[in-house]
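Start at 1 and go down the list; that is how both ligands and their atoms are numbered. Numbering starts at 1 and runs along the sequence shown.
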Amino acid sequence: MKILLIGSGGREHALAWKLKQSPKCEELICAPGNAGMEELATCVDIGAEDIDGIVAYAKENDIDFVVVGPEAPLCAGLADALQAENIPVFGPSKAAAQLEGSKGFTKDLCSKYDIPTAAYGRFTEENKAIDFIRKNGAPIVVKADGLAAGKGVIIAQSEEEAIEAVKDMLSGNAFGAAGAEVVIEEFLDGEELSFFALCDGENVVPLTSAQDHKRVGDGDTGPNTGGMGAYSPAHLMTDDLYDKIMDRIIQQTVKGMQADGHPFSGVFFAGLMIVNGEPQLIEYNVRFGDPECQALMVRLEDDLVDVLYAAATGDLQKYKDGLKWSDDPALCVVMAAKGYPGGYPKNTVIQNLDKAAQMEDVQIFHAGTARSENGDLVNCGGRVLNIVADGKTIEEAQQKAYDAVDVIDWPDGFCRRDVGWRAVKAGKAKAA
Ligand code: AMP
Ligand code: GLY
């Protein structure tokens, strides 16, 4: 197969690495890709959101299968445009991608199909939103309805803070059109867990569990980011919780999406809050998590091309007994440019990456890298490198990942030093 992969982050580098291992992958092309993906694939200069450009390229170059990494092109209808040309695509239609593209859409689906989630209201009018906040009190959560690059959620500790957030969003000042409607919901106090499952519209195949670290600082402190690290499996997961998540949340969503006329095909990435042992849905994403995906790909033992193609073509039944995963935990450390998630310099030079990449059980995926004119590897984004290692225990994986981090020479970069700490602590408690 000639495969076209859309995107340019660490998630896509990890997908490219795994797709390339398949005997079914004759040729891999990435649009637009990054400096790390260039070593595995042909990178073409077409933006991930250039739907016309992608479709034209796929037609002209006889692409057999398109895998879409990020959500924005899916929410804009890339899968529909490719399907109209009979090109198989991994990723949901525009209508199904509303699960991520509109928080209100997902909340309404939950209420219609009895999926456990925080109590909520949807508002476009400031006065009504304020009444709701006054009635329910703080803490309370205010969310922009549309895509806001992971920044559209305010956990307000006071009614005043919530009202301020509503005003900022509805006026268009905070998130433009994505904030023209807001969802206001009950604050859930619990532990967060991510859950991934593939779906072909009808059949569901769960992936293994993974967990990320959203805060920038050690000990899960400081501002939210796209994700500073991840590990798999997630220590919180139990058989009982797994059954509840599948029965009450994932299967109900599949049924609801089908019944409402927009069956979901692609990957569900459910953000959950576990409150007193009971899972509640916080949000859906319609793509792999980044950096969760990097840890998942290192543990996956099945042929990724075959798995994703089965999801794209209604054939997931063949994986009804589940996918094969390595028993060894994997852990991903994100190296970011100093200043991230605020402003940061670009074009800072990164050295010794090859040396780190050769270390045992270490994989390095690029996220925001480019080549300078003289061939140096430089950063071109905030989250820049993903250092993934696996080991017999999560502690061993963590040690190997940080050993590799310490070999990399990048004075303008930083990382959290405690990725996986909750899992390491839980592992020690279990052993004791
Ligand atoms: P989201 O973009 O919806 O994932 O929200 C970002 C983060 O906000 C989540 O990962 C949670 O940590 C937090 N969050 C969202 N909704 C709630 C809620 N109802 N209660 C408590 N925390 C929430
Ligand atoms: N790691 C969180 C995300 O991909 O949204």
Proximal protein residues to ligand 2, non-hydrogen atoms under 4.0 angstrom: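 Those residues closer than 4.0 Å to ligand 2 by some heavy atom are D212, G226, F269, R287, G289, D290, P291, E292.
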
Does this structure show an ion pair linking [X] with [Y], if we count only N-O contacts that are shorter than 4.0 Å?
X	Y	result
K167	E164	no
R134	E160	yes
D220	R215	no
D328	K392	yes
R122	D108	yes

Qualifying salt bridge (Lys or Arg N to Asp or Glu O under 4.0 Å) pairs with a residue from residues 195-213, counting only residues at least two apart or across chains: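 Pairs touching residues 195-213 that pass the test: D212-K214.
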
Pairs involving residues 240-252, ordered by first then second residue, that meet salt bridge (Lys or Arg N to Asp or Glu O under 4.0 Å) (sequence neighbours left out):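 Residue pairs passing salt bridge (Lys or Arg N to Asp or Glu O under 4.0 Å), neighbours aside: D240-K244, K244-E278, R248-E278.
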
Any idea which part of [X] is under 4.0 Å from ligand 1, heavy-atom wise: side chain, backbone, both or neither?
X	result
L188	both
I155	side chain
K214	side chain

Relative to the heavy atoms of [X], which atoms of ligand 1 are at a distance of less than 4.0 Å?
X	answer
I282	3 (O), 15 (C), 16 (N)
E283	1 (P), 2 (O), 3 (O), 4 (O)
E185	16 (N), 17 (C), 18 (C), 19 (N)
F187	20 (N), 21 (C)
K143	3 (O), 15 (C), 16 (N)
M273	21 (C), 22 (N)

Closest candidate by heavy atom, reference atom 11 (C) of ligand 1, pool Q280, R215, E192: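 Checking each option, the heavy atom nearest atom 11 (C) of ligand 1 is found in E192.
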
Within-4.5 Å side-chain heavy-atom neighbours: L5 and I29: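 No. Closest side-chain heavy atoms not under 4.5 Å.
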
Would you give me the side-chain donor-acceptor pairs under 3.5 Å for residues 338-347, sequence neighbours excluded?
from, atom 1, to, atom 2, distance (Å)
K338, NZ, P411, O, 2.7
Y340, OH, G226, N, 3.1
Y344, OH, G382, N, 3.0

Candidate list Y319, F90, F65, test ring pair (Phe, Tyr, Trp, His ring centres under 6.0 Å), partner Y309, passing option: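 When Y319, F90, F65 are each tested with Y309, the ring pair (Phe, Tyr, Trp, His ring centres under 6.0 Å) holds only for F65.
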
Side chains of N34 and E38, donor plus acceptor under 3.5 Å: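 Note: N34 and E38 side chains miss the donor-acceptor criterion.
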
